[in-house]
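Let me begin by presenting the structure, written as structure tokens, before commenting on it.
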Amino acid sequence: MSTTSDTMDTAAANEAVIRAVEKGKAASATLAALPHEQRNRALRNAAEHLAARESAIIEANEGDLAQAEKQVKEGTLNHSLLHRLKLNSSKLRDVIVGITQVTEQQDPLSRVTLSRELDEGLALYRVSCPIGLIAVIFESRPDALPQITSLCLKSGNGVILKGGSEARLTNRVLFDCFRAGMHKAGLPTDAIALVETREAIKVLLDADQLIDLVVPRGSNQLVSYIQANTRIPVLGHAEGICHMYVDRKADIVMAVKITIDAKTQYPAACNSVETLLLHEGVALPFMQALAAELQSTNQAIRLLCDKRTMALIPEGFPLILEPAKEEDWSTEYGEETLSVKTVDTLSDAIVHINKYGSHHTEAIITSDRGAFDTFFAQVNSAGVFWNASTRFADGFRYGFGAEVGISTGKLHPRGPVGLEGLVTYKYKVVGKGHIVADYVGDEARKFTHVDIEDHSAQ
């Protein structure tokens with residue numbers, strides 16, 4: 001039962017969140033009008049601060065990890081979050097490289113994507129602009145903070161960051177680096193804010209008059225909760241149930257190599273493969289080759305197999321095999337567990353993927369271009385790969401520099417969301433005293449509607 005003091009403390013904390021949102025909204029308008037080079041300068045400054053404060057960042061992360069390990073032992077924190085929490089020197093270097101890549105990209109603002117003469121002296125332009133103020137609610141991964149912040153600043157958006165309590169110490173140091181970089185470049189520092197209390201989530205989700213977009217990054221439970229409890233548009237994905245289909249014309253050695261990478265390189269990632277579909281013509285030789293490779297590299301994957309696959313496997317087979325249940329086909333494990341099913345045809349694989357998948361990323365291993373073309377056309381996912389690991393589904397690996405999140409919806413943006421996913425557009429009409437009345441009635445002027453080469457939108 002809450003005490004009066006607790007209630008007052010919560011109310012004060014919530015009021016502080018609202019003030020941060022209001023300041024962020026005002027600052028985002030200022031940020032949107034600043035020159036591209038000034039926004040880039042803030043990012044370069046932030047990267048320099050991150051490099052200079054590496055030891056402080058690692059020390060803070062070690063503090064978060066120590067606390068998280070206690071929570072895992074107590075059963076109050078999921079073990080997969082612990083994997084995502086670690087930020088070592090290598091990851092920090094990748095973060096800094098990603099920020100540099102973001103600065104090297106073209107300015108996403110003020111791009112003219114349509115220039116049209118409506119009549120003599122009357123022109124229409126479609127011009128890219130920021131979305132406004134974005135709230136990003138994320139769990140565990142502290143490297144998400146610099147990725148998200150750099151993309152938002154580059155695209156002229158303000159951002160309210162709500163990180164998980166398990167990464168509180170690390171997030172604070174990372175956030176300070178960006179505020180310092182912004183201040184040095186003359187950007188309004190209120191354009192970014194870090195909020196920490198659990199109660200802040202509800203405050204943010206209720207602020208539909210101030211926040212223009214919510215991006216959740218975390219568990220299925222987190223994303224589903226956010227989608228169900230706000231009127232603000234939500235960009236994100238609830239699950240990463242990715243599939244690998246080994247076709248009848250697959251190179252078995254290649255298929256084994258890609259499958260192991262997609263499952264074991266980083267099992268906790270949302271682009272890690274969760275279900276393996278095997279054409280019946282290659283199921284047994286594939287499993288034999290998989291067993292041999294795992295044994296030679298001293299690795300283990302727990303395989304949950306359908307009855308048909310289990311029947312193919314001879315007694316004494318050197319893999320961890322268990323019967324699959326219906327719910328396994330729609331489970332994101334986040335660990336070295338893989339569902340396996342044998343199918344008759346490519347069509348059967350596609351039907352399974354579209355039924356059980358989360359529309360994140362799917363891959364086919366085959367030497368048959370026609371099979372891939374069919375797979376690409378019919379699989380309803382944001383990423384459809386040919387002879388490549390699903391782990392490539394990532395903004396950094398796509399050359400976006402970073403990603404604010406992954407969207408599995410069908411509307412723009414889709415897949416890893418970089419700069420292009422953080423801008424919208426305005427229509428600009430430039431006239432010389434034109435009025436609509438002149439275009440109405442028996443003597444109405446006619447529109448010319450001619451696309452023009454002038455992309456200056458002046």
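Side chains are part of it too, since the values below use all heavy atoms of this structure and drop only hydrogens, waters and symmetry mates. One is the number of the first residue; the rest follow in order along the sequence.
- Side-chain N or O atoms of Asp190 include none that pairs as donor or acceptor with a backbone N or O of Lys23 at under 3.5 Å.
- His359 places a side-chain N or O within donor-acceptor distance of the main-chain N or O of Asn380, the cut-off being under 3.5 Å.
- Put simply, the side chain of Ser339 never gets that close to the backbone of Thr275: no donor and acceptor are under 3.5 Å apart.
- Contact annotation: the side chain of Ile260 approaches that of Leu290 to within less than 4.5 Å [non-hydrogen atoms, C-beta and beyond].
- In this pair, Tyr356 and His352 present their aromatic rings tilted. The plane angle is within the 30 to 60° band.
- Asn40 and Lys154 share a side-chain donor-acceptor pair at under 3.5 Å.
- Using a 4.5 Å heavy-atom threshold, the side chains of Tyr225 and Ile201 count as touching.
- In the displayed structure, Gln38 atom CD is contacted under 6.0 Å by more than 12 heavy atoms of other residues, nucleotides or ligands.
- Side chain of Asn157 to backbone of Ser28: no donor-acceptor contact under 3.5 angstrom is found.
- In the displayed structure, Tyr266 atom OH is contacted under 6.0 Å by more than 12 heavy atoms of other residues, nucleotides or ligands.
- Sorted by first then second residue, the side chain to side chain donor-acceptor pair (under 3.5 Å) pairs that include residues 395-404, not counting sequence neighbours, number zero.
- Take Asp451 and apply the side-chain hydrogen bond (donor to acceptor under 3.5 Å, both in side chains) test, not counting sequence neighbours, and it matches Arg116.
- In this structure, the side chains of Phe178 and Leu153 come closer than 4.5 Å at one or more pairs of heavy atoms.
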Given the rule in the salt bridge (Lys or Arg N to Asp or Glu O under 4.0 Å) test, do Arg172 and Glu196 qualify, once you have shown the distances and angles that lead to the verdict? CA-CA 10 Å; Arg172 287 175 180 174; Glu196 297 182 331; 2.7 Å; yes

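- The closest donor-acceptor contact from the side chain of Ser367 to the backbone of Lys249 lies under 3.5 Å.
- Distance alone, capped at 3.5 Å, places no donor-acceptor pair between the Lys25 side chain and the Ile211 backbone.
- A donor-acceptor pair under 3.5 Å is absent between the side-chain atoms of Ser381 and the main chain of Val384, judged by distance alone.
- Proximity of a side-chain donor or acceptor of Ser150 to a complementary backbone N or O of Ile99 within less than 3.5 Å is not detected.
- The stretch residues 55-82 participates, sequence neighbours left out, in no salt bridge (Lys or Arg N to Asp or Glu O under 4.0 Å) pair at all.
- Taking the side chain as every heavy atom from C-beta outward, Leu174 and Leu50 approach each other to under 4.5 Å.
- Contact annotation: the side chain of His360 never approaches that of Glu274 to less than 4.5 Å [non-hydrogen atoms, C-beta and beyond].
- Gln105 contributes a side-chain N or O that, together with a main-chain N or O of Phe400, makes up a donor-acceptor pair within less than 3.5 Å.
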Trace of the side chain to side chain contact (heavy atoms under 4.5 Å, CB included) decision for Glu166 with Glu139: CA-CA 8 Å; Glu166 65 280 353; Glu139 293 177 324; 4.0 Å; yes

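- The aromatic rings of His279 and Tyr245 sit tilted relative to each other, their planes meeting at an angle between 30° and 60°.
- Under the 3.5 Å distance criterion, the side-chain polar atoms of Asn88 are matched with a main-chain donor or acceptor of Lys91.
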